[in-house]
2 protein chains.
Amino acid sequence: MAQAHISSEKEIKERTGGWLARLAEQGYRITGSRRAVVDVLAEAGTSLSPAEIYEQGRVAHKQLGLVTVYRTLEKLEELGLVQRVHRPDGCHAYIPALHGHEHLLLCQECGRVEYFRGDDLSELSRRLEGESGYTINDHWLQFFGVCAACQ
Amino acid sequence: MAQAHISSEKEIKERTGGWLARLAEQGYRITGSRRAVVDVLAEAGTSLSPAEIYEQGRVAHKQLGLVTVYRTLEKLEELGLVQRVHRPDGCHAYIPALHGHEHLLLCQECGRVEYFRGDDLSELSRRLEGESGYTINDHWLQFFGVCAACQ
DNA sequence: GCTATAATTGAAAATGCTTTTCAATTACTG
DNA sequence: CAGTAATTGAAAAGCATTTTCAATTATAGC
């Protein structure tokens, strides 16, 4: 098994940079509201619910509406830039989307998110296909714990 | 890696047998409504939403109320007998709970659920702890695909 | 830089799932 | 079998999310 590789700060910036450009490319307009939502998500380091994004986004853009947060998340999700995180206690928070075969490590206290690579589940996947008769399209691997800061 | 082991029909029955006895042990009363909810979940083989359980439960117990479905699920979940399944498209369906280190294989078409063992994530988990500084408490591993019947 | 125009916005209303309230019913104990 | 507390289902309340709609605003073309 390869050594687990946890994404660096720099890799996170690369993950979240260029979101506004991507929106513009798709013909969407760049507005103060969208900028606010994108900025909050790109800088958070934790998963955030629509209400949290709304609250934090209003600091930079006072007139931001919760409805616009929902609508912006919808577009960012369509473009594969953000995604929901699923947790035992709720599945309504968003994070910058996973790239390729990454997986997640989540802090149960503060919601902090780490992205990692380093497993290889393709062998297990093939074995399961053989034994079950399923055609497997996708998988999730997530670890839950408490981050260093929260301990 | 050990060969993936998918739960047999018999193992599923063992998983779901004795739920009513467990409820009684805890001082809960055995009622027609609870029996109906338990029976539906124990026989399904797929994940079911509260509304689906309600609908199917009413076949055996006409006066079943949706509220009672919610309340019964809450108790079964407390006792560790059922749990929610998380899927990209929704996290409000229930299945008989996982035992020990089992994981899930889910059919994206019909919701069918297979339980399997055969991975070993403890090594990866330890490695991640070392690299991230997290204390890891739990993990999820789920595969998504299309079952033989749905292909 | 200005204007026209369609996209976008936020507020209010609507929706839909889940929870709470409450009086009537029912399972269980003695 | 009777007494009692748990349980029930219906209706109301609660809450997150979506829709509606008139006002605003980003952008393309001049």
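Residue numbers start from 1 in every chain, and the chains themselves are labelled A, B, ... in the order their sequence lines are given, proteins ahead of strands. Here the structure is a predicted model, which means the values were calculated and not measured.
Protein atom OH of A:Y54 is 10 Å distant from nucleotide atom C1' of C:dA11, rounded to whole Å. We find that CD of B:Q63 is positioned 14 Å from C1' of D:dA10, with the value rounded to whole Å. Between the CZ atom of A:R71 and the C1' atom of D:dT24 there is a distance of 13 Å, rounded to whole Å. Atom CG of B:L20 and atom P of C:dC28 are 10 Å apart (whole Å). Rounded to whole Å, the distance from CG on A:L23 to P on C:dT8 is 9 Å. Whole-Å rounding puts the B:L76 CG to D:dT7 P distance at 12 Å. Taking atom CD of A:E74 as the reference point, atom P of C:dT8 lies 12 Å away to the nearest angstrom. Atom NZ of B:K75 is separated from atom P of C:dT19 by 12 Å (rounded to the nearest Å).
Side chain of B:T68 to backbone of B:L64: no donor-acceptor contact under 3.5 angstrom is found.
Counting non-hydrogen atoms under 4.0 angstrom, A:R34 reaches the backbone sugars and phosphates but no base.
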Subject >> Audit row: A:Q83, A:Y94, side chain to side chain donor-acceptor pair (under 3.5 Å) steps and yes/no >> reply: CA-CA 5 Å; A:Q83 63 173 65; A:Y94 288 81; over 6 Å; no
Check against side chain to side chain donor-acceptor pair (under 3.5 Å), B:E129 and B:T135
CA-CA 6 Å; B:E129 284 190 323; B:T135 303; 5.2 Å; no
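The side chain of A:T31 lies closest to C:dT9 when the candidates are D:dA11, C:dT9, D:dT8. Side-chain atoms of A:R29 lie closest to D:dA26 of the nucleotides C:dT26, D:dG9, D:dA26. Across C:dC28, C:dG10, D:dG9, the shortest atom-to-atom separation from the side chain of B:S33 is found for D:dG9. Out of D:dG9, D:dC21, D:dT7, the shortest distance to the side chain of B:T68 is found at D:dG9.
When each of B:A24 and A:Y28 is assigned the nucleotide of DNA chain C bearing its nearest heavy atom, the one mapping closer to the 5' terminus is A:Y28. Nearest-nucleotide assignment on DNA chain D puts the 5′-proximal partner with B:G32, out of A:I30 and B:G32.
Between B:H139 and A:H103, the distance separating the two ring centers is not shorter than 6.0 angstrom.
With respect to the salt-bridge test (charged N to carboxylate O, under 4.0 angstrom), the residues A:R127 and A:E131 do not qualify.
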